[in-house]
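FYI, side chains are in, hydrogens and waters are out, and symmetry mates aren't considered; it's all heavy atoms of this structure. Per chain, numbering begins at 1; letters A, B, ... match sequence-line order.
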Number of protein chains: 2
Amino acid sequence: MAKAKRTLKWQRDPEGMRLRILEAAKQEFSAHGLAGARVDRIAAKAGANKRMLYYHVGNKDELYLAVLEGAYDKIRSEERGLDLEHLDPPEAIRRLIEFTWNYFLRNPEFLSLLQTENLARAKHLKKSTKVKSMHSPFVEMIRTVVRRGVDSGDFQVAVDPVQLYISIAGLCFFYLSNSATLSVIFGRDLLDKKAKDERLAHMVGLVLAALTGQSVALFEIAKAPKSRAAVAQTA
Amino acid sequence: MAKAKRTLKWQRDPEGMRLRILEAAKQEFSAHGLAGARVDRIAAKAGANKRMLYYHVGNKDELYLAVLEGAYDKIRSEERGLDLEHLDPPEAIRRLIEFTWNYFLRNPEFLSLLQTENLARAKHLKKSTKVKSMHSPFVEMIRTVVRRGVDSGDFQVAVDPVQLYISIAGLCFFYLSNSATLSVIFGRDLLDKKAKDERLAHMVGLVLAALTGQSVALFEIAKAPKSRAAVAQTA
DNA sequence: ACAGTATTTATCCAACGGGTTAATTTCTTC
DNA sequence: GAAGAAATTAACCCGTTGGATAAATACTGT
């Protein structure tokens, strides 16, 4: 009798497994928060056994921190590719806003993770050594843009780059991360295409108007027909 | 033998108990989120027995919704007292920003609750009927200010009041609710007195500059000495 | 003073959830 | 082809947690 070819019950793939676990954990943590996340669900979603989490990553908290660090790593590395240096200052700021906005749109889990971590008053992030070092280059990048803008006369004001970045991130972040409750209380869907386009225009207009002193494009939806436009805006 | 005067084991006070439970629940939910909150801790903090929660309010979810509704009720009712109608438009906007900022500072649990609820994609808030109605008057209040500002020439642009409010709230909210992680990644304490003052100035400057077209007070920290000021800002 | 009701306490428990232990299967290498 | 290491599975452990049951205590009207 011919020896039947063994069908494998599982393949070995430690790297792949680790990645699948981290990805599944990202989903789970962003969907349910730290306390709400279920280790079993992460395992299931990763197509793995619960024991694997502990084998490959560590306990729930370590897993969470790994996910968080990965998330920061990803956004900062994409930001490095922005090269704002070669754009004239207003255009650089516009691009920074658009990037931030689109990144948040493309990576909603990042927003959730940040919220979760802040709910925990950054208890876990404080333990991370990697994260702290990733940010100064980014701040310098913005500082340079602002300085160039002031020197060239494009910008009326010199603004602290950290404040500016927090403002830009805040304008994007709050709208998106709180869109659920905001949609309910204001009774409009803030996530449909039109609403998102309007929001982006509003933010770019707001920031550039403040920096340059000139009202920008779509921000000034109407100044001609007295106050009619303000009304129309709401429908 | 004289009958000893009974010492009461407890007093009756349903109203008070209900309030203490809601207050304790607010603390607990804002500190630990919905999933992280512990019913026993709420009971203990309220100086009550766990059974009381179910007796006076209902199960964990109902308790959470009650807390959430209470939180919205409180901020909206304080906002109604702002009467922006009697201020000239730029001053009204400044006051709105200052109020929002200070309210968030005074009521950090409100921020946490919002974060928690958004993490749950407003699942619970959607069930609430009370909340939806509380907001249109507030939007109208802002709309009126904007309209007056445009008509008087103070504002260069007519802006959608909902967008404007979301921007103001976002500038305040993100800074405060994310101060924990931001402080870590930028390596500065964003909650000390000086930092908070600077932030408020920055926000008022940003928004008013955008609306009026004129750079406002502390926002323009320096335009004279070339780019030196931008550097000084960071220390 | 008595009955009936509202409020509060004291226990209990079944389900769940994170983590561990031990066995099983695959890979490597000699 | 055997031994040892690495990866994976299956089953269990045990404290926790939301919620339930029943009894005790205070208040009200009559």
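Using the six-membered ring where Trp is involved, B:Phe110 and B:Phe104 have ring planes that are tilted, between 30° and 60° apart.
Taking the charged nitrogens against the carboxylate oxygens, B:Lys26 and B:Glu23 do have a contact shorter than 4.0 Å, which makes a salt bridge. Using a cutoff of 4.0 Å between basic side-chain nitrogens and carboxylate oxygens, A:Lys193 and A:Asp197 are scored as salt-bridged.
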Check nucleotides 17-19 of chain C for protein N or O atoms closer than 3.5 Å to its own N or O atoms and list the pairs.
residue: C:dG17; atom: OP1; partner: A:Arg38; partner atom: NE; Å: 3.1
residue: C:dG17; atom: O5'; partner: A:Arg38; partner atom: NE; Å: 3.1
residue: C:dG18; atom: OP1; partner: A:Ala37; partner atom: O; Å: 3.1
residue: C:dG18; atom: OP1; partner: A:Lys60; partner atom: NZ; Å: 3.1
residue: C:dG18; atom: OP2; partner: A:Val39; partner atom: N; Å: 3.2
residue: C:dG18; atom: N7; partner: A:Lys50; partner atom: NZ; Å: 3.2
residue: C:dG19; atom: OP2; partner: A:Tyr54; partner atom: OH; Å: 2.9
residue: C:dG19; atom: OP2; partner: A:Lys60; partner atom: N; Å: 3.1
residue: C:dG19; atom: N7; partner: A:Lys50; partner atom: NZ; Å: 3.1
residue: C:dG19; atom: O6; partner: A:Lys50; partner atom: NZ; Å: 2.4

Please list each protein N or O that sits under 3.5 Å from an N or O in nucleotides 8-10 of chain D, with the distance.
residue: D:dT8; atom: OP1; partner: A:Gln11; partner atom: O; Å: 3.3
residue: D:dT8; atom: OP1; partner: A:Asp13; partner atom: N; Å: 3.3
residue: D:dT8; atom: OP2; partner: A:His56; partner atom: NE2; Å: 3.0

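Looking only at side-chain heavy atoms (C-beta outward), B:Met17 and B:Ile21 come within less than 4.5 Å of each other.
Under the 6.0 Å cut-off for aromatic ring centres, B:Phe29 and B:Tyr64 qualify, their centroids lying closer than that.
One interatomic measurement links the two molecules: CG of A:Leu19 to P of D:dA7, which rounds to 14 Å at whole-angstrom precision. What separates CG of A:Leu53 from P of C:dT20 is a distance of 12 Å, to the nearest Å.
No side-chain donor from either of A:Ser177 and B:Asn118 sits under 3.5 Å from a side-chain acceptor of the other.
Remark: the backbone N or O of A:Arg38 is paired with a side-chain donor or acceptor of A:Glu28 at under 3.5 angstrom.
Geometrically, A:Arg80 does not engage A:Phe138 in a cation-pi contact, judged by NZ or CZ lying under 6.0 Å from the ring centre and within 45° of the ring axis.
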